[in-house]
2 protein chains.
Amino acid sequence: MSETRSDADCAASWCTDDPWCGLTCAVDVLGHKWHPVVVHRLLARGPLGFGDLADDIGAVTNKVLSETLADLEAAGVVDRTVVDDRPVRVEYSLTDDGEALAPAIEALQDWGERYLDD
Amino acid sequence: MSETRSDADCAASWCTDDPWCGLTCAVDVLGHKWHPVVVHRLLARGPLGFGDLADDIGAVTNKVLSETLADLEAAGVVDRTVVDDRPVRVEYSLTDDGEALAPAIEALQDWGERYLDD
DNA sequence: CAGTATCCACAAGGATACTG
DNA sequence: CAGTATCCTTGTGGATACTG
């Protein structure tokens, strides 16, 4: 279905032989300011429109959210579907690869919460 | 023991009320090119000297590895111990907070490996 | 509604050389 | 051995305004 991904999307291009290549690859996808937040919201709330995501997150601009979604779509983590015209309505959802991020997102979140509790 | 950490080290400073704050905080710590790799190596191999880490990782420069280790130390994830003088010998190890990253590192690594297998 | 188009400031990381 | 010091290029994200 979503065959829009290639090796070049990923850190694999510069660490192919290293034992931590998968890790680097995952951090390449999630290691930006809003990327993990978008995945988190889609995991928690299901498919959302562009404006819904923007409202939910709050402190992100149109431009950056748009870039973030384009990155995640290119990585094969998010699907973009035009649901309606006039007015244009778009829906963003997680692909199977995106859903598969749930354990990693949760593990990071758990660690961060404990860390913040000192 | 390692009380070198404060709230300002973390994303908490800009997302305190958000449900994804812990996640953002964790990504602030790990979301750089070499930070997760250093944690990965210390988890896999135990305490290492500066040169050991540099050799193991390979494609990182002195300057960047040094900065990375300083960041992780400031975040309270890594401990730095001077083991010897003449010649100077230093050992880097994980703190409890650092060891606690293991599940998150593994989850990211697992995801990345599956992702790379298409 | 769902984006683009510009412009801009700062941070991250690499190359190279040097030091206590 | 374990770093620092410079310099430089690119990436990342924010502010603001505009559009099909």
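Residue numbers start from 1 in every chain, and the chains themselves are labelled A, B, ... in the order their sequence lines are given, proteins ahead of strands.
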Check the orientation of His40(A) and Trp20(B). Use parallel for under 30°, tilted for 30 to 60°, and perpendicular for over 60°. perpendicular
What residue pairs, at least two apart or across chains, pass side-chain hydrogen bond (donor to acceptor under 3.5 Å, both in side chains) with a residue in residues 98-110 of chain B? Gln109(B)-Glu113(B)
5'-most by nearest nucleotide on DNA chain C - Val88(B) or Asn62(B): Asn62(B)
Under 4.0 Å between a side-chain N/O of Arg86(B) and OP1 or OP2 of dG20(C), yes or no? no
5'-to-3' dot-bracket of DNA chain C (Watson-Crick, G-U; under 3.5 angstrom; crossing pairs as [ ]; | other strand): ||||||||||||||||||||
May I ask you to evaluate whether Trp34(B) reaches the phosphate of dG14(C), defined as a side-chain N or O under 4.0 Å from OP1 or OP2? yes
side-chain N/O Ser66(A) vs dT4(C) OP1/OP2, d < 4.0 Å: yes
Any salt bridge linking Arg89(B) with Asp52(B)? Criterion: basic side-chain nitrogen under 4.0 Å from a carboxylate oxygen. yes
His32(A) atom NE2 is separated from dT12(D) atom P, nearest whole Å, by 5 Å
Is any side-chain nitrogen or oxygen of Arg80(B) closer than 4.0 Å to OP1 or OP2 of dG3(D)? yes
dA2(D), OP1 or OP2 - any side-chain N/O from Arg89(B) closer than 4.0 Å? yes
Upstream residue (5' side of DNA chain C) when Pro87(A) and Asp71(B) are each assigned their closest nucleotide: Pro87(A)
Ignoring hydrogens and angles, does a donor from either the side chain of Lys63(B) or the base of dG14(C) sit under 3.5 Å from an acceptor on the other? yes
Would you indicate, yes or no, if dC1(D) has its OP1 or OP2 atom less than 4.0 angstrom from a side-chain nitrogen or oxygen of Tyr92(B)? no
Does Val90(A) form a side chain to side chain contact (heavy atoms under 4.5 Å, CB included) with Val88(A)? I'd like the steps, not just the answer. CA-CA 7 Å; Val90(A) 172; Val88(A) 183; 4.1 Å; yes
